[in-house]
Amino acid sequence: MSFKTIAVIGAGTMGNGIAHVFAQHGYDVQLIDVSEAALQKGLATIGKNLDRQVAKGLLSEADKTATLGRIATHTSIATGVANADLVVEAATENTHLKLSIFKEIDAAAPAHCILASNTSSISITKIAAATSRPAKVIGMHFMNPVPVMKLVEIINGYATEAAVTSQIVELSKALGKSTCCGQ
């Protein structure tokens, strides 16, 4: 599978960092949050972090502009995930909230779309059970701060297909990340 559009749910610290990294590596990013203010704050944080990279000579001003240009914002999950190849959920660590979000993602995302969670504590199997596609649900746990830290922990659910795991490992490597896997 070729990834082109990545939806990131949650514009807080982890979500904006994840959006930053995907956009910087050339992916179209749909950043989703229920709060317009949170989306604007997330974009401002991404801009400041890109400015830091420019100041250090790690990124050109043109690359910064292009990165920001690849990020669109949405306050609706349905519109944000409508054309996604991958959704990475980075909402608050609340089981009820995450299960509700995954039900909504599952209903709105294309059938081919892989659904990932940045959770560090909730069972991927439990999250996957809230969807009609448990074989396409996986944990993709980025470390904070996302643009700096190199590790992404890949966590399979009981039903996660091996091909999905391989695709997410390869995608993580394409972002310049190293991976470790768990069950």
Side-chain angles (χ1 to χ4, degrees), residues 1-11 14-33 46 66-67 70-72 74 77-91 93 98-183:
M1 170 185 222
S2 173
F3 295 97
K4 182 178 183 321
T5 302
I6 312 296
V8 179
I9 298 179
M14 295 306 293
N16 73 58
I18 294 166
H20 170 159
V21 169
F22 275 111
Q24 189 172 339
H25 283 84
Y27 297 93
D28 294 329
V29 175
Q30 309 302 310
L31 183 58
I32 306 160
D33 199 291
I46 293 168
T67 296
R70 285 190 278 275
I71 302 172
H74 304 270
I77 288 176
T79 29
V81 304
N83 297 309
D85 300 310
L86 169 67
V87 176
V88 181
E89 169 275 321
E93 285 293 293
K98 286 190 187 285
L99 295 179
S100 173
I101 288 170
F102 270 84
K103 286 177 186 172
E104 195 171 343
I105 298 167
D106 186 44
H112 75 274
C113 185
I114 294 173
L115 312 183
S117 178
N118 187 57
T119 188
S120 59
S121 63
I122 301 169
S123 162
I124 298 303
T125 300
K126 185 173 191 167
I127 291 170
T131 75
S132 64
R133 59 179 105 189
K136 292 187 178 294
V137 179
I138 194 164
M140 194 175 190
H141 182 213
F142 290 82
M143 304 299 145
N144 187 32
V146 180
V148 176
M149 300 299 285
K150 294 295 181 192
L151 182 64
V152 176
E153 180 185 22
I154 309 298
I155 307 109
N156 291 322
Y158 181 74
T160 306
E161 290 176 350
V164 168
T165 304
S166 295
Q167 290 170 332
I168 296 302
V169 167
E170 290 307 310
L171 177 62
S172 298
K173 289 178 182 176
L175 297 174
K177 305 292 187 186
S178 43
T179 61
C180 68
C181 297
Q183 292 292 335

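The first residue of the sequence shown is numbered 1, and numbering continues consecutively from there. Excluded from the calculations below are hydrogen atoms, water molecules and symmetry mates; all remaining heavy atoms, backbone and side chain alike, are included.
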* With sequence neighbours excluded, residues passing ring-ring contact (aromatic ring centres under 6.0 Å, His included) with Phe22 -> Tyr27
* Can you name the closest pair of heavy atoms from Phe142 and Met14 and give their distance? -> O-CE, 3.2 Å
* Asked: Where is the tightest heavy-atom contact between Ala135 and Val164, given as atom of each residue plus distance?
  -> O-CG2, 3.5 Å
* To do: Nearest 0.5 Å please: distance from the CD atom of Glu153 over to the OG atom of Ser120.
  => 8.5 Å
* To do: For residues His141 and Ile155, determine if any side-chain heavy atom of one lies less than 4.5 Å from a side-chain heavy atom of the other.
  => yes
* Structure fact -> Between Asn156 and the options Ile124, Ile168, Ile138, the side-chain contact (heavy atoms from CB on, under 4.5 Å) test singles out Ile138
* Structure fact -> When Ile71, Ile18, Val21 are each screened for side-chain contact (heavy atoms from CB on, under 4.5 Å) with Val8, the one that passes is Ile18
* Structure fact -> Ala109 and Arg133 have their tightest heavy-atom pair at O-NH2, 3.1 Å
* Asked: Between Ile114 and Gln167, which heavy-atom pair has the shortest distance, and what is it?
  -> CD1-OE1, 3.2 Å
* Asked: Roughly how far, to the nearest 0.5 Å, is CD1 of Ile9 from CD1 of Ile105?
  -> 3.5 Å
* **Side chain Thr160, main chain Val137, donor-acceptor under 3.5 Å** => yes
* Asked: In Å, rounded to the nearest 0.5 Å, how long is the span from NZ of Lys103 to NZ of Lys98?
  -> 15.0 Å
* Which atom pair, heavy atoms only, marks the closest approach of Ala23 to Arg70? -> O-NE, 2.7 Å
* Atom pair NZ/OG of Lys150 and Ser172 - distance to nearest 0.5 Å -> 12.5 Å
* Asked: Taking atom CE of Met140 and atom NZ of Lys177, what is their separation to the nearest 0.5 Å?
  -> 9.5 Å
* Asked: Quick one: CG on Leu99 to OG1 on Thr131, what's the gap to the nearest 0.5 Å?
  -> 10.5 Å
* Could you walk me through whether Ser117 and Glu89 pass side-chain hydrogen bond (donor to acceptor under 3.5 Å, both in side chains), step by step? => CA-CA 5 Å; Ser117 178; Glu89 169 275 321; 2.5 Å; yes
Side-chain donor-acceptor distances from residues 81-88 under 3.5 Å, at least two apart:
| residue | atom | partner | partner atom | Å |
| --- | --- | --- | --- | --- |
| Asp85 | OD1 | His112 | NE2 | 2.7 |
| Asp85 | OD2 | Lys4 | N | 2.8 |
| Asp85 | OD2 | Thr5 | N | 3.0 |

* Closest non-hydrogen atom pair, Ala11 against Asn16 -> O-ND2, 3.3 Å
